[in-house]
Amino acid sequence: METYETDHLDIVRALAPECMVLLRSDGAFPLAGPGEIALFGSGARRTVKGGTGSGDVNSRHVTTIEEGLEAAGFTVVTKPWLDAYDRVHDQAHQDFIAGIRAEAAERDVPAIMIGMGSVMAEPEHEIPLDVETDVDPQTAVYVLARTSGEGSDRTPDAGDLRLTASEIRDIRALSKRFERFLLVLNVGGVVDLSTLGDVTNILLLSQLGATIGDAFTDVLLGRAYPSGKLATTWAAWDEAEQIGDFGDPDDTRYREGVYVGYRFYDSIGKEPLFPFGFGLGYTTFDLRTHQVSLDGARVSIDVDVTNTGSHPGKETVQVYAAVPPGRLDQPLQALAGFTKTGQIAPRETARVTVDVDLTDLASYDEAAHATVLEAGRYLLRVGTSSRHLSPVAVVGLGEDAIVRRLTGDLGEPGFTDWRPETPAALDIPADLPVLAVDPARLRLPDRAEPASAADLDEALALARTLSDDELIHTVLGDYRSGEESGSIIGAASTTVVGAAGQSTTRIAGVPSIIMADGPAGLRLAPTYGVDAEGSFSLGDSSLPATFLELMDDAGREVLGIADEPEPREPAEIREQYATAIPIGTALAQSWNPVLAERLGDVVGAEMERFSVHLWLAPAFNLHRSVLCGRNFEYLSEDPLLAGRIAAAITRGVQSHPGRGVTIKHLACNNQETNRLNSNSRVSPRALRDHYLRPFEICVRRARPAAVMTSYNLINGVHTSESAQLLEVILRQEWGFDGLVMTDWVVDGMTHSDMKHPRATAAATVKAGNELFMPGGEPDRQNLLAALRRGSENLGAAGRPEQSDDAVSLTRTELETQAARVIRMARRLAVSPAS
């Protein structure tokens with residue numbers, strides 16, 4: 001390994017325990033030292049570092065749980081069981097691939113179209129729980145693993161969300177048999193643990209990147225300690241909130257409105273298995289509120305946190321606000337602020353301050369086209385999870401206050417949001433201090449302050465000198481055609497091998513923007529060849545393994561991959577191994593923006609090393625349903641937590657000059673089923689209060705370089721084609737002045753027989769989404785036709801007369817969008833590596 005690899009792996013290993021969540025503990029762990037250990041479970045040897053698809057990372061090596069234990073001095077005494085499980089898994093995988101091929105043949109489609117993103121369910125087995133006959137270990141660990149990925153959603157079946165009969169049988173037996181037993185969850189999302197109520201030690205390890213096995217061993221031996229908290233409510237599937245649709249290929253109705261996750265469970269008084277914000281540790285803490293003060297719209301709560309146990313630890317102090325219902329119904333409570341302590345030694349006390357911005361509690365009022373705070377008493381409670389809280393203060397608002405007047409309109413869903421018939425309520429103690437807030441201090445500007453237009457004016461001057469064809473290439477990715485390499489989703493860059501894509505290289509004086517996938521580190525080809533003609537791929541090393549198993553000529557054509565070129569003999573083979581960091585959900589489980597920023601810094605440093613300008617991350621669509629296949633790379637079910645962690649990651653990456661993030665996917669990319677053609681039907685309030693809010697927090701706090709729109713439609717309009725979303729909400733209301741790009745719309749992957757068509761390049765560019773990725777010849781032709789219509793159909797006002805079935809673009813509109821691409825290319829081209 002090179003120095004940067006070992007340095008970054010050391011950072012990831014040191015920070016990973018903060019992302020682990022101890023769900024149950026009887027005090028049997030940590031262990032005093034290594035010894036004989038019985039190791040079982042699918043994740044023991046096949047430890048999952050992260051999900052599949054664009055979220056994958058090619059690290060040089062991933063330390064498994066088995067390897068981590070042995071490196072620390074443990075003797076694994078269950079090798080025969082692990083070997084037997086390998087055989088069962090390998091056979092199940094062969095059957096899984098054969099099933100995909102058979103289904104593809106029956107439907108007469110390329111196998112890759114069915115297999116992309118598909119994940120094999122955990123197989124059943126009858127392997128005896130034997131250990132070596134001459135040993136008697138006192139400790140057993142069972143590592144339950146699940147993987148998921150882009151392109152396919154999860155199912156509530158055994159082997160996915162639910163446990164298999166084999167897993168339930170073995171875990172229960174081991175729990176009874178061994179004096180010390182630990183169930184380890186190597187998962188990227190929720191699994192239903194309702195059948196394991198008698199298991200007393202459960203660690204949510206999550207999926208923590210390349211050092212996962214070593215980080216786990218550190219925690220097992222007490223060299224480090226878990227201090228994470230859940231970023232999503234864990235509930236039994238039969239108890240899960242299932243009011244809205246999920247997985248409908250045409251129209252998914254978000255009928256649950258703002259009652260998502262803990263807001264639902266709290267509001268109807270239903271107890272989940274593990275509440276939002278919950279997490280134990282190797283020690284215990286006592287919280288005492290020292291002081292509550294009000295300054296304008298900010299409430300500051302000083303809390304003394306005392307370590308009452310015998311181990312060092314960190315605690316997360318959480319503040320929840322109960323907003324009084326009025327014209328607008330309200331969930332029982334919502335997260336309003338949080339702060340994580342530093343390490344606190346046993347019997348020591350640390351004082352922390354949690355700030356609550358009262359304007360963050362405003363709700364969108366459709367009738368007023370504004371976010372408002374209604375008159376009443378706002379109860380603030382402090383604690384260590386959404387279900388472990390104590391009241392500390394009341395904020396009194398004597399009259400309604402308008403916080404912001406807004407104009408962006410994303411349409412109506414065609415239904416009324418659900419609300420609880422008999423909502424739970426909180427009693428307000430009479431002895432709480434009351435803080436009277438002045439409504440005038442709650443008013444915020446309706447629009448963000450505009451950024452300087454100087455660099456855009458300079459880019460626009462250049463754009464006006466370009467030909468029509470050059471302008472069109474500027475707003476498309478750097479695709480190739482004919483005898484050159486084609487565009488493939490996730491690996492379309494010709495400059496950095498294995499990178500996701502890049503902007504055009506055809507315009508003299510305009511640098512190309514190189515983009516790499518994320519969000520658990522950079523996804524690049526681990527090795528590439530170099531000869532006199534330059535760099536080139538050594539095959540499909542950057543593609544997922546399942547892609548390679550299912551790839552054939554038909555699949556290559558669908559994905560836009562050119563025929564395999566004549567083999568080239570490299571004069572040199574170079575490496576570009578990246579560091580796999582914890583998945584998005586794990587980062588949010590740290591509840592620590594400082595940690596998230598530090599790991600963003602790791603990614604930014606590797607972007608510099610490999611000459612990547614934009615990281616296609618962080619991704620933080622909300623965990624609307626536990627079945628979403630990409631929840632592992634998303635952050636949380638709560639918009640405040642997601643927005644603050646995303647902003648921290650952004651600051652870490654963008655602390656490196658010439659490097660930027662691409663926050664995604666704006667917005668409502670909450671299912672993978674038919675993701676390019678699915679229409680998310682969402683109320684204006686749910687959009688504003690929930691699904692757009694984390695993006696707004698990140699944009700306002702961290703100024704990300706770029707935004708990626710989602711594949712789906714919102715209330716009948718593709719997000720990439722929505723001027724209301726991009727020009728009004730994103731740019732005018734939030735003050736965004738960066739680059740907007742599409743997700744990777746590959747022509748061959750789209751369905752033509754769906755209710756809602758896929759997005760088109762012309763409509764996308766016209767709406768304010770200036771970069772259509774990865775670009776292809778059909779997209780260029782689409783833009784040419786729109787430009788031709790625009791020049792032929794200019795009305796009296798100088799604007800194109802729009803027909804119902806075809807988009808028109810004027811030369812001026814195209815120049816503006818091309819100028820935005822040029823502006824960002826120049827902003828990022830500021831370092832020698834560029």
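Quick caveat, the model's predicted, so the values are computed rather than measured. As a basis for the values below, the full set of heavy atoms in this structure was taken, side chains included, without hydrogen atoms, waters or symmetry mates.
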Got Met20 and Leu204 here, is their nearest side-chain heavy-atom distance under 4.5 Å?
-> no

Distance-only side-chain donor-acceptor flag, Ser363 / Gln330, under 3.5 Å | yes

Give a yes or no on whether the backbone of Ser625 and the side-chain of Asn631 come within a donor-acceptor separation of less than 3.5 Å.
-> yes

Stepwise side chain to side chain contact (heavy atoms under 4.5 Å, CB included) check, Thr232 with Phe276 | CA-CA 5 Å; Thr232 293; Phe276 175 80; 5.7 Å; no

Measure up the Tyr634 and His623 rings against each other and bin them: parallel (under 30°), tilted (30 to 60°), perpendicular (over 60°).
-> tilted

Using a strict cut-off of less than 4.0 Å between a Lys/Arg side-chain nitrogen and an Asp/Glu carboxylate oxygen, indicate whether Glu733 and Arg447 qualify as a salt bridge.
-> no

Spell out, as yes or no, whether a donor-acceptor pair under 3.5 Å connects the side chain of Arg172 to the backbone of Thr195.
-> yes

Within 6.0 Å of CZ in Arg441, more than 12 heavy atoms from elsewhere = no

Should Arg630 and Glu633 count as an ion pair when the cut-off is N to O under 4.0 Å?
-> yes

Side chains of Leu230 and Tyr262: does their closest heavy-atom pair fall under 4.5 Å?
-> no

Within a strict 4.5 Å, meaning less than it, do heavy atoms of the Pro30 and His311 side chains meet?
-> yes

Candidate pair Asp266 and Gln333, rule side chain to side chain donor-acceptor pair (under 3.5 Å), full reasoning = CA-CA 7 Å; Asp266 292 351; Gln333 62 181 359; 2.9 Å; yes

Side-chain donor or acceptor of Thr339 paired with backbone N/O of Thr353 under 3.5 Å = yes

Arg288/Asp304 ion pair, N-O < 4.0 Å | no

Is a side-chain donor or acceptor of Ser267 paired with a backbone partner of Leu332 at a separation under 3.5 angstrom?
-> yes

Step by step, work out the side chain to side chain donor-acceptor pair (under 3.5 Å) result for Tyr254 and Ser683.
-> CA-CA 8 Å; Tyr254 290 48; Ser683 71; over 6 Å; no

Give the C-alpha distance, both sets of side-chain angles, the deciding distance and a yes or no for salt bridge (Lys or Arg N to Asp or Glu O under 4.0 Å) between Arg298 and Asp360.
-> CA-CA 10 Å; Arg298 186 181 71 244; Asp360 283 343; over 6 Å; no

Taking every heavy atom of Val594 against every heavy atom of Asn592, the minimum-distance pair comes out as N-OD1, 3.0 Å

Is Glu315 paired with Lys340 through a side-chain N to carboxylate O contact shorter than 4.0 Å?
-> no

If you look at every heavy atom in Val653 and Gly600, which pair is closest and at what distance?
-> CG2-O, 3.3 Å

Going through the checks in order, is the side chain to side chain donor-acceptor pair (under 3.5 Å) test met by Glu348 and Thr306?
-> CA-CA 6 Å; Glu348 290 191 355; Thr306 301; over 6 Å; no

Is the charged tip of Arg644 near the ring of Phe338: under 6.0 Å from the six-membered ring centre and within 45° of its axis?
-> yes

Side-chain donor or acceptor of Ser206 paired with backbone N/O of Gly188 under 3.5 Å | no

Trp418/Phe264 aromatic ring centres below 6.0 Å = yes

Salt-bridge present (Asp438, Arg443; N to O < 4.0 Å) = no

Are any of the side-chain heavy atoms of Asp601 and Ser655 separated by less than 4.5 Å?
-> yes

Main-chain N/O of Val190 paired to Arg154 side chain as donor or acceptor, under 3.5 Å | yes

Hey, does the side chain of Asn715 reach the backbone of Val682 with a donor-acceptor pair shorter than 3.5 angstrom?
-> yes

Identify the two heavy atoms, one from Ala588 and one from Ala231, that lie closest to each other, and give their separation to 0.1 Å.
-> CB-CB, 3.8 Å

Yes or no on side chain to side chain contact (heavy atoms under 4.5 Å, CB included) for Val317 and Leu287, after CA distance, side-chain angles and deciding distance?
-> CA-CA 8 Å; Val317 181; Leu287 272 59; 4.1 Å; yes

Minimum heavy-atom distance Pro275-Pro272, with the two atoms named = CA-CG, 3.9 Å

Test item: Tyr265 and Arg387 side chains (from C-beta on) under 4.5 Å apart, heavy atoms = yes

Drop me the distance from Leu666's CG to Phe736's CZ, to the nearest 0.5 angstrom.
-> 9.5 Å

Would you mind checking if Glu18 and Lys314 are paired as a salt bridge, meaning a charged N to carboxylate O distance below 4.0 Å?
-> yes

Are the aromatic rings of Trp591 and Phe278 close, with centres under 6.0 Å apart?
-> no

Under a 4.0 Å N-O cut-off, is there an ion pair linking Arg624 with Glu256?
-> yes

Can we say Asp638 and Arg263 salt-bridge, meaning some charged N sits less than 4.0 Å from an Asp/Glu carboxylate O?
-> yes

Can you measure from CG (Leu725) to CZ (Phe695) and round to the nearest 0.5 angstrom?
-> 9.5 Å

Could Arg13 and Asp218 be called an ion pair, given the rule that one side-chain N must be under 4.0 Å from one carboxylate O?
-> yes

In this structure, CD1 of Ile202 is separated from CG of Leu205 (nearest 0.5 Å) by 13.5 Å

Could you tell me whether the side chain of Phe285 reaches within less than 4.5 Å of the side chain of Thr384, counting heavy atoms only?
-> no

Please examine the side chains of Leu358 and Leu294, heavy atoms only from C-beta on, and report whether any two atoms are closer than 4.5 Å.
-> yes

Taking every heavy atom of Ser175 against every heavy atom of Asp198, the minimum-distance pair comes out as OG-O, 3.9 Å

Are Tyr282 and Phe29 near enough that their ring centres are under 6.0 Å apart?
-> no

Under 6.0 Å from the six-membered ring centre of Phe415 and within 45° of its axis: does the NZ or CZ of Arg681 meet both?
-> no

Quick check: does any side chain N or O of Asn186 sit under 3.5 Å from a backbone N or O of Leu144, one acting as donor and the other as acceptor?
-> no

Rounded to the nearest 0.5 Å, what separation is found between the OG1 atom of Thr371 and the CG atom of Asp689?
-> 8.5 Å

Would you say Val184 and Leu182 make side-chain contact, with heavy atoms under 4.5 Å?
-> yes

Look only at the side chain of Gln589 and the backbone of Cys19, and say whether a donor-acceptor pair between them is shorter than 3.5 Å.
-> yes

In plain terms, say whether Asp26 and Arg24 are close enough for a salt bridge, that is, a side-chain N and a carboxylate O under 4.0 Å apart.
-> no

Do His369 and Arg405 have side-chain N/O donor and acceptor atoms under 3.5 Å apart?
-> no

For Arg347 and Thr308, work out which heavy atoms get closest and say how close.
-> NH1-O, 3.1 Å

Is the shortest distance from a Lys or Arg side-chain nitrogen in Arg255 or Asp245 to a carboxylate oxygen in the other one below 4.0 Å?
-> yes

SB check Asp365 Arg327 (cutoff 4.0 Å) = yes

The reported gap from OH in Tyr691 to CG in Asn621 (rounded to nearest 0.5 angstrom) is 10.0 Å

OG of Ser385 to OH of Tyr320: how many Å apart, nearest 0.5 Å?
-> 6.5 Å

Under 4.0 Å between a Lys/Arg side-chain N and an Asp/Glu carboxylate O for Asp446 and Arg404?
-> no

